[in-house]
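This report concerns only the one structure given below.
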Amino acid sequence: CKHPRFRSWGRSMSMRWCCWTSRGLQEDQNREPPACLGLDDFAWLPPVERDAMLQLREQATVLAREAPNGAMEAGLERLRSWGATVAWQAGDDAEQLPWGSVSPRWKRLGFQSADPKTDLRTGILALDSLVHLCERHCDEAQRLCAEAGAEGIGYPLAVASINLTQLLAWYLLLLPGPCPVGDQCSVGPLDDPMQLHAFARLCSQEDAFGELHSAAMVRLHSHWRDAKATNPAASMAAFSGAFGDALAAVDRVLRNSPLESCADLQRIRRDCAAPMTDRR
């Protein structure tokens, strides 16, 4: 099965991102998975947690265009419904145009063209995560859209969100391959069975991946905003640093937090490099 590669920022960025495809701890959490199984097999997880991770893997690997039950169209409709409630900046010429399946109004959400489907060349999980951000964190999503579209900070927020979903899916062993931000990133996939089990348990109870993505997206945005304030000349080619910072924060929180609820994931937004001490 062939899957396309896509350029994150079009002509403005040299880094390429892949649309990858994929190739229990028992009741005692201290028991290691059998040596014959890799962590990414998920067969070592209890059934409920295993099913949650395999469902995420399916969402990450089945291309959005091929997702069943019109999932891509439904997701885009939800984004359009959310966008219609936002008070966009006055004087926006796109405001006067109809918001159909192809419309310049999609660019306000950070898609690269009037047709958002051209950016959705990954699994449906990327669209689901963006919908989660907009619907569950409406005010924050509106702020991110406004700031990302502002002169001096500007970057395609929806595309960044899509790429961040791919990065998080790789980190959680849902997608194979090398780290998509390249050699600049020293963070590897989550290889702690106990913490991976804890995150899988959250996924079986609520949309933990959506919350993880939302927190990491806020972190990424803040890093880039601060980087541009420090160096206004920073180009989009340096944006990989924001991905690296977000992933490092995700890694610190997932390795060192109890992960008893999705509230623990909010630490990603404000995490600093200092190690935490509340690991169970």
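With sequence neighbours excluded, the residues satisfying ring-ring contact (aromatic ring centres under 6.0 Å, His included) with His221 are Tyr155. For Asp139, the side-chain contact (heavy atoms from CB on, under 4.5 Å) test picks out no residue, with sequence neighbours left out. Arg65 is linked by a side-chain contact (heavy atoms from CB on, under 4.5 Å) to Met72, Lys117, counting only residues two or more places apart in sequence or in another chain. By the side-chain contact (heavy atoms from CB on, under 4.5 Å) test, His132 is found to be paired with Arg136, His137, Asp207, Glu211, Ser214, residues two or more places apart in sequence or in another chain being considered. In this structure Ala242 satisfies the side-chain contact (heavy atoms from CB on, under 4.5 Å) test together with Leu220, His223, Trp224, Phe239, sequence neighbours excluded. For Phe209, the ring-ring contact (aromatic ring centres under 6.0 Å, His included) criterion is met by no residue, not counting sequence neighbours.
A donor-acceptor pair under 3.5 Å is absent between the side-chain atoms of Trp99 and the main chain of Arg105, judged by distance alone. Remark: the backbone N or O of Leu173 is paired with a side-chain donor or acceptor of Arg57 at under 3.5 angstrom. Under a 3.5 Å cut-off, the side chain of Glu49 and the backbone N or O of His197 do not form any donor-acceptor pair. At least one donor-acceptor pair closer than 3.5 Å links the side chain of Trp170 to the backbone N or O of Gly177.
Using a cutoff of 4.0 Å between basic side-chain nitrogens and carboxylate oxygens, Arg269 and Glu140 are scored as salt-bridged.
Heavy-atom contacts from other residues, nucleotides or ligands closer than 6.0 Å to CZ of Arg78 number 12 or fewer.
Within the 4.5 Å cutoff, the side chain of Thr165 has no heavy atoms near those of the Thr122 side chain.
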